Amino acid sequence: MKFIARDIPPRPAWVLEQAGTHPLLARLLAARGIRTLDEMDDAPARLLPPSGLQGIDTAATLLADAIDKGRRICIVADYDCDGATACATGLRGLALLGATPAQLCYVVPDRALHGYGLTPPIVDMVRARQADILVTVDNGMASHEAVDKARALGMQVLITDHHLPVVDAQGQPSLPAADAIVNPNQPACGFASKALVGVGVMFYVLLAVRAELRRRGRFEAGSQPRLEALLDLVALGTIADVGRLDANNRRLVSLGLKRIRSGRMQPGLAALYRAAGRDPARASAQDFGFALGPRINAAGRLAEMGLGIECLITDDLDRADMLARQLDAINRERREVEAGMRDQAEMTLDSLLPDGDIPSALSLFDDGFHEGVVGIVASRLKDRLHRPTFIFARGQDGLLKGSGRSIPGFHLRDALDLVSKRHPGLLHRFGGHAMAAGCTISPEDHELFRSALLAVADAGLDADLLSRRVPTDGALDGQWYTAEVAQLIDQAVWGPGFEAPVFCDMVEVVNQRLVGERHLKLSLRVQGQLRDGIWFGRSEPLPARTRLAFRLSLDEFQGRQRVQMVVEGAEGADTQPL
């Protein structure tokens with residue numbers, strides 16, 4: 001592991017500080033490409049207009065007609081937090097725009113039974129609900145057969161998604177024959193934010209539907225439905241799906257956080273905050289990624305995502321609390337399953353790599369692996385070993401369902417496409433993004449897949465890319481080790497593409513001990529001052545002097561606040577703890 005200091009352009013840092021930004025925050029923002037305070041303006045008017053999305057006018061007309069004519073709309077969700085929040089946003093938004101309860105319904109695939117996305121059996125479920133219009137959220141771009149079936153049954157199909165389209169044998173994007181497709185990543189779409197996740201796309205569709213209904217005279221001036229009420233859901237889904245925080249996504253998340261901090265949120269989100277033991281008045285993007293998002297995701301991994309969606313759409317406070325407690329219990333179960341799989345994966349790795357030489361890509365399968373948490377375990381191993389990693393589990397149909405996570409410089413979906421071309425028939429299904437992808441293979445083909453993936457990785461990854469580099473913001477001046485500064489950092493919106501501040505410094509380890517069997521509690525001397533620190537998931541002791549990367553965090557215990565260093569890594573360490 002090597003620490004790389006971010007460049008901090010002095011002129012923008014000075015401009016930001018002169019405009020009233022805290023000196024440390026000015027430095028952090030300048031290092032992330034912010035040049036003026038205006039770029040951090042999160043006013044709703046600064047959001048990109050819906051008109052830039054290809055197909056959105058057709059989608060708006062289709063849904064406005066459905067509302068006007070009493071047609072039944074069925075949303076096909078997905079079984080992750082992005083899909084759940086997109087479904088809840090669609091149902092709540094369409095109701096705000098005039099759709100009656102009888103017009104709205106949803107279905108969500110069962111991970112084990114149906115696999116990913118819109119499939120012909122899911123179309124049958126939609127038809128059984130007597131739907132006239134099928135709307136996908138966070139899926140559908142690869143669903144050619146299912147879309148054809150839905151239209152043959154007389155349904156109109158609207159795809160809202162953000163995933164890349166599948167590529168045909170000639171290397172050209174192939175789109176399903178839907179009545180309308182809204183996806184910033186479809187060919188020829190000029191929308192400036194390609195980083196919108198599924199819930200963001202659904203929110204933009206609702207904005208366009210409102211504009212179409214306003215054009216039809218459905219709303220009087222100043223009395224149109226306030227779709228801003230959905231931004232808490234948009235913020236949650238964006239962060240939970242690890243959407244890149246370009247300027248537009250940062251504004252969406254920031255607006256959602258402001259609503260939550262002021263107490264304006266869906267009852268289900270409030271209940272999830274209570275279940276997680278977090279204070280919504282101090283809501284941060286980290287809450288979405290590490291507290292609320294995992295509880296919603298747990299339903300899709302180990303139970304049924306309908307629980308998560310119901311929690312987000314109910315207005316009954318007692319029911320919201322009951323569902324949030326259920327999700328919390330499922331999440332605790334998910335953590336136990338995940339811990340067992342991590343241990344098994346570690347043992348499998350030890351047997352495969354007796355000499356400790358780590359190949360350029362990894363693929364693991366064990367009959368004891370649970371399909372619902374393969375993605376999490378792949379992510380943990382990828383973080384620890386800094387290698388593209390796939391984890392496979394056996395599905396109910398006997399096929400192996402794999403989820404992969406990648407490292408910078410290795411496009412995982414493109415790698416699967418290359419594997420598919422080199423070995424026709426090996427991949428039954430595949431799809432995804434640069435950093436995350438999934439595929440289905442036959443059990444007897446796992447070794448072939450492992451060797452095929454390794455061949456692509458060997459050709460595409462060199463020693464430089466296989467060496468972990470941690471961007472840091474340099475040393476943190478002693479004057480900024482305060483609760484006020486820690487809160488200031490927590491209140492900002494950080495995430496992929498706009499990474500949270502990580503500082504680094506040489507430290508003297510004064511004391512270290514294990515807490516909770518898995519975490520290293522530290523007393524550190526930094527710049528001559530004693531500081532508290534903790535390294536979560538680390539059990540091996542540190543040397544007396546070392547260079548650490550860390551986040552500044554505000555720890556609360558029994559009503560008392562203290563600033564601590566949350567260690568992210570040690571320079572020179574080859575691997576990260578799980």
Side-chain angles (χ1 to χ4, degrees), residues 74-93 95 104-118 122 125 135-139 160 197-200 202-203 230-243 256 260 265-278 280 283 287-335 337-338 370-373 375-376 403:
C74 185
I75 294 179
V76 177
D78 189 22
Y79 42 66
D80 66 1
C81 189
D82 185 22
T85 52
C87 181
T89 296
L91 293 170
R92 285 188 173 276
L104 299 174
C105 64
Y106 74 92
V107 299
V108 59
D110 182 293
R111 181 189 297 267
L113 292 177
H114 304 111
Y116 172 77
L118 180 66
I122 292 292
M125 293 170 62
V135 179
T136 73
V137 290
D138 193 32
N139 68 83
T160 72
V197 301
V199 68
M202 188 68 242
F203 180 71
L230 304 171
L231 284 168
D232 56 344
L233 295 171
V234 177
L236 169 58
T238 299
I239 294 296
D241 208 50
V242 202
I260 292 171
M265 72 195 94
Q266 317 305 327
L269 258 70
L272 285 167
Y273 265 98
R274 288 191 289 272
R278 304 227 175 179
D287 293 337
F288 299 150
F290 296 101
L292 276 66
R295 283 168 170 78
I296 295 290
N297 277 328
R301 297 185 190 281
L302 297 187
E304 197 269 313
M305 184 47 87
L307 290 173
I309 295 171
E310 288 296 317
C311 183
L312 298 178
I313 64 175
T314 185
D315 290 319
D316 183 312
L317 301 184
D318 291 336
R319 187 162 190 263
D321 274 326
M322 180 268 291
L323 289 166
R325 288 194 297 270
Q326 280 187 259
L327 292 169
D328 184 62
I330 296 169
N331 190 53
R332 288 196 296 272
E333 180 188 355
R334 185 272 305 169
R335 286 198 294 260
V337 172
E338 177 196 336
H370 192 292
E371 183 182 347
V373 294
I376 297 176
S403 186

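As a basis for the values below, the full set of heavy atoms in this structure was taken, side chains included, without hydrogen atoms, waters or symmetry mates. Please read all numbers here as calculations on a predicted model, not as lab measurements. Quick note: residue numbers are just sequence positions, from 1.
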message: Quick one: does any side-chain atom of Asp232 pair with a main-chain N or O of Gln266 as donor and acceptor, under 3.5 Å?
response: yes
task: Please report the C-alpha distance between Phe288 and Ile260 in whole Å, then the side-chain angles of each, then the deciding distance to 0.1 Å, and finally whether the side chain to side chain contact (heavy atoms under 4.5 Å, CB included) criterion is met.
output: CA-CA 11 Å; Phe288 299 150; Ile260 292 171; 3.5 Å; yes
- prompt: Taking all atoms of both residues into account, what is the closest heavy-atom pair of Ala320 and Ala271, and its distance?
  reply: O-CB, 3.4 Å
message: Test your reading of the model: is there a side-chain donor-acceptor pair from Asn139 to the backbone of Val76, 3.5 Å cut-off?
response: yes
message: Distance check, rounded to the nearest 0.5 Å: Leu230 atom CG versus Phe203 atom CZ?
response: 6.5 Å
message: Just to verify, which of Arg319, Met322, Met305, Glu304 counts as forming a side chain to side chain contact (heavy atoms under 4.5 Å, CB included) with Glu310?
response: Arg319
- line: dist Leu312:CG -> Cys87:SG (nearest 0.5 Å) comes out at 9.0 Å
- request: Taking all non-hydrogen atoms of both residues into account, name the closest pair between Thr314 and Cys311 and its distance.
  value: CG2-O, 3.6 Å
field: Asp138 side, atom CG; Tyr79 side, atom OH - distance, nearest 0.5 Å
entry: 10.5 Å
- request: Check whether any side-chain heavy atom of Leu104 sits under 4.5 Å from a side-chain heavy atom of Ile75, and report yes or no.
  value: no
task: Find the distance between CZ (Arg295) and CZ (Arg332) and round it off to the nearest 0.5 Å.
output: 8.0 Å
field: Straight-line distance of Ile296 CD1 to Ile330 CD1, nearest 0.5 Å
entry: 10.0 Å
task: State whether the side chain of Asp82 and the backbone N or O of Val199 hold a donor-acceptor pair below 3.5 Å, judged by distance alone.
output: yes
- request: Indicate the atoms forming the closest heavy-atom contact of Ile122 with Pro109, along with that distance.
  value: CD1-CA, 3.9 Å
message: If you apply the rule salt bridge (Lys or Arg N to Asp or Glu O under 4.0 Å), what do you find for Asp315 with Arg92, and how did you get there?
response: CA-CA 11 Å; Asp315 290 319; Arg92 285 188 173 276; 3.0 Å; yes
- request: Might you point out which heavy atoms bring Ile309 and Ala77 nearest each other, and give the distance in Å?
  value: CD1-CB, 3.8 Å
query: Which heavy-atom pair separates Val137 from Ala86 by the least distance, and what is that distance?
result: CB-CB, 3.7 Å
field: Donor-acceptor contact below 3.5 Å, side chain Arg278 vs main chain Ala283
entry: no
- prompt: Only one of His370, Arg334, Arg335 forms a side chain to side chain contact (heavy atoms under 4.5 Å, CB included) with Ile376, so which one is it?
  reply: Arg334
- request: Measure across Ala291 and Ala276 and return the closest heavy-atom pair with its distance rounded to 0.1 Å.
  value: CB-CB, 4.1 Å
Interatomic distance, Thr89 atom OG1 to Leu236 atom CG [nearest 0.5 angstrom]: 9.0 Å
message: In the structure I gave you, are the side-chain heavy atoms of Tyr106 and Ile313 within less than 4.5 Å of one another anywhere?
response: yes
